[in-house]
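Notes to accompany the following structure.
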Amino acid sequence: MGTQTPVTVTVTGAGGQIGYALLFRIASGAMFGVHRPVRLKLLEIPTGLKSAEGAAMELQDCAFGALQSVEVTDDAAQGFDGTNLALLVGARPRGPGMERADLLTANGAIFGPQGQAINEGAADDVRVLVVGNPANTNALIASAHAPDVPAERFTAMTRLDHNRALAQLSLTLGVPAAAIDSVIIWGNHSASQVPDISHAMITAADGSRRRVTEALAEALGGSAKMEIWLAETFIPKVAKRGAEIIEVRGSSSAASAAAAAIDHVHDWFLGTGVGWTSAAVVSDGSYSVPRGLVSSFPVEGLDGSWVIRQGLEMAPAIRSRLEASVKELQEEREIVTSLGLLKR
Ligand code: NAD
Ligand code: LMR
């Protein structure tokens, strides 16, 4: 896609919470830059149409320079027709006490037909980001129904987890989140995910770089204390942040999820900047994650391709956590296979 070519973006679940936080940021140019014209397609189910239509009216009222058109529909063929980017948000969120995998049966059935509609009508260069939970396995389902679209174009969102990890490090170390790079989220977007800071770096105002582990050991009173903090505080805090938000807010994260979707797509097309970011992409066998599973990796993006960063050393504790997360992804795959959701 050239810089001035209009980009057609389909947002499913556009009448929902995340939709409302996401649409205005896409239209304002936060995803592709203010000079890239955007055509928005809002796909809903009949009960969500009014809410999406209201959002479309408000989008017009913003008079955004980059927004070329807004279309609202409950017809998947129309919603995905000619789309360059499909943001699959529309799905039920979990409530208090649920795990994201509890949504497999409720939400899995959405992603097969949508994958098929993408296969049939989307632009040849279509890219897909799945946000609706359980996101990794839903991406697998959508991809399985789109045999003409290369599997690596289907991704799932772990950028929110990545940003949450940056936020916790920022709070603990008293440095801006933007000064920290090369954090990794491995595995599933679930409580089994593996936030890993072993390679993370901090850039100071004078440009000097320092390992996050070194700064943490200093702030927490030594390496042994840091290891305890990582295992008992940091990892569970990041991995269970979604549940904490649901408990405190009364509904699942919306604005931070929308911000993460903007970041994911921005970096996918326009580049990652210093270090790498995290995204769930189809595994090519890297880091012993079985081929074909949609798992989170350290990735570098440019022009709509994610490249998995290779050759990073993994501590045994991180590797065994990743194995557990991969096992969960395999179990999710078995469940959706047994439900017939992976077949066309
Ligand atoms: P919401 O209930 O506010 O909105 C969901 C919208 O999707 C509703 O308007 C509904 O009508 C619509 N919808 C349902 N089925 C649809 C279909 N087949 N086609 C089109 N639209 C459909 O929920 P929300 O808070 O916006 O969350 C949406 C999803 O995103 C949930 O599954 C939630 O768990 C997930 N989520 C993921 C992340 C992540 O990091 N990956 C973060 C936050 C939320
Ligand atoms: C999140 O991480 O906030 C979302 O996946 C919503 C949830 O169910 O946790």
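One-based numbering along the sequence shown. Model, not experiment: these values are computed from the prediction.
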task: Identify the residue among Lys41, Gln60, Arg39 that makes a side-chain contact (heavy atoms from CB on, under 4.5 Å) with Ser69.
output: Arg39

- request: Ignoring hydrogens and angles, state whether a donor on the side chain of Ser198 or Asp196 is under 3.5 Å from an acceptor on the partner side chain.
  value: yes

field: Connected via hydrophobic side-chain network under 4.5 Å: Leu339 and Phe111
entry: yes

message: With clusters defined by side-chain heavy atoms of hydrophobic residues (ILVMFWY) lying less than 4.5 Å apart, directly or transitively, does Val131 cluster with Val238?
response: no

query: At what distance, to the nearest 0.5 angstrom, does OG1 of Thr83 lie from CD of Gln78?
result: 12.5 Å

task: Measure across Leu329 and Ser295 and return the closest heavy-atom pair with its distance rounded to 0.1 Å.
output: CD1-CB, 3.9 Å

- prompt: For atom CD of Glu331, is the number of surrounding heavy atoms from other residues, nucleotides or ligands below 6.0 Å larger than 12?
  reply: yes

Contact summary for Ala255 and Ala21, nearest pair of heavy atoms: CA-CB, 3.9 Å

is_close_aromatic(Trp276, His162), centroid dist under 6.0 Å: no

task: Check the side chains of Thr272 and Glu300 for a donor-acceptor pair under 3.5 angstrom, ignoring hydrogens and angles.
output: no

- prompt: Any side-chain heavy atom of Arg209 within less than 4.5 Å of one from Thr203?
  reply: yes

task: Quick one: closest heavy-atom pair of Gly275 and Ser182, and the distance?
output: CA-OG, 3.4 Å

query: Can you tell me how far CG of Leu43 sits from CD of Glu71, rounded to the nearest 0.5 angstrom?
result: 10.0 Å

query: Taking atom types as modelled and ignoring hydrogens, do the side chains of His145 and Asn119 form a donor-acceptor contact shorter than 3.5 angstrom?
result: no

task: Determine whether the side chains of Asn163 and Asp263 contain a donor N or O and an acceptor N or O closer than 3.5 Å.
output: yes

- prompt: Can any side-chain N or O of Ser170 pair as donor or acceptor with the backbone N or O of Val175 at less than 3.5 Å?
  reply: yes

- request: Would you check if there is a donor-acceptor pair between the side chains of Gln193 and Asn188 at a distance under 3.5 Å?
  value: no

message: With side chain to side chain contact (heavy atoms under 4.5 Å, CB included) as the criterion, how do Phe32 and Leu85 come out once you've worked through the C-alpha distance, each side chain's angles and the decisive distance to 0.1 Å?
response: CA-CA 11 Å; Phe32 295 103; Leu85 174 69; 3.8 Å; yes

task: State yes or no: are the ring centers of Trp186 and Tyr287 separated by less than 6.0 Å?
output: yes

task: Step through the shown structure and confirm whether more than 12 heavy atoms of other residues, nucleotides or ligands are within 6.0 Å of CE on Met57.
output: no

- request: Considering only Ile, Leu, Val, Met, Phe, Trp and Tyr, and joining two whenever side-chain heavy atoms are under 4.5 Å apart, list the other residues clustered with Leu302.
  value: none

message: Assess whether a salt bridge exists between Arg319 and Glu313, defined as any Lys/Arg side-chain N lying under 4.0 Å from an Asp/Glu carboxylate O.
response: no

message: Between Glu44 and Ala52 (side chain of the first, backbone of the second, donor and acceptor by atom type, cut-off under 3.5 Å), is there such a pair?
response: no

query: Which heavy atom in Asp74 sits nearest to a heavy atom in Pro46, and how many Å separate them?
result: OD2-CG, 3.6 Å

Residue Asp61 excluded, over 12 heavy atoms near CG under 6.0 Å: yes

query: Between Arg153 (side chain) and Val126 (backbone), is there a donor-acceptor pair under 3.5 Å?
result: yes

query: Would Asp267 and Arg159 pass as an ion pair if we require N to O under 4.0 Å?
result: yes

message: Using side-chain heavy atoms (C-beta onward) and a distance below 4.5 Å, is Leu67 in contact with Val70?
response: yes

task: Look up atom CD1 in Ile197 and atom CG in Leu169, then write down how far apart they are to the nearest 0.5 Å.
output: 6.0 Å

query: Side chains of Ser190 and Arg100: is there a donor and an acceptor less than 3.5 Å apart?
result: no

- request: Following the transitive rule for hydrophobic clusters with a side-chain heavy-atom cut-off under 4.5 Å over Ile, Leu, Val, Met, Phe, Trp and Tyr, establish whether Val9 and Leu22 coincide in one cluster.
  value: yes

- prompt: Any chance CZ of Arg291 has more than 12 other-residue heavy atoms, nucleotides or ligands included, within less than 6.0 Å?
  reply: no

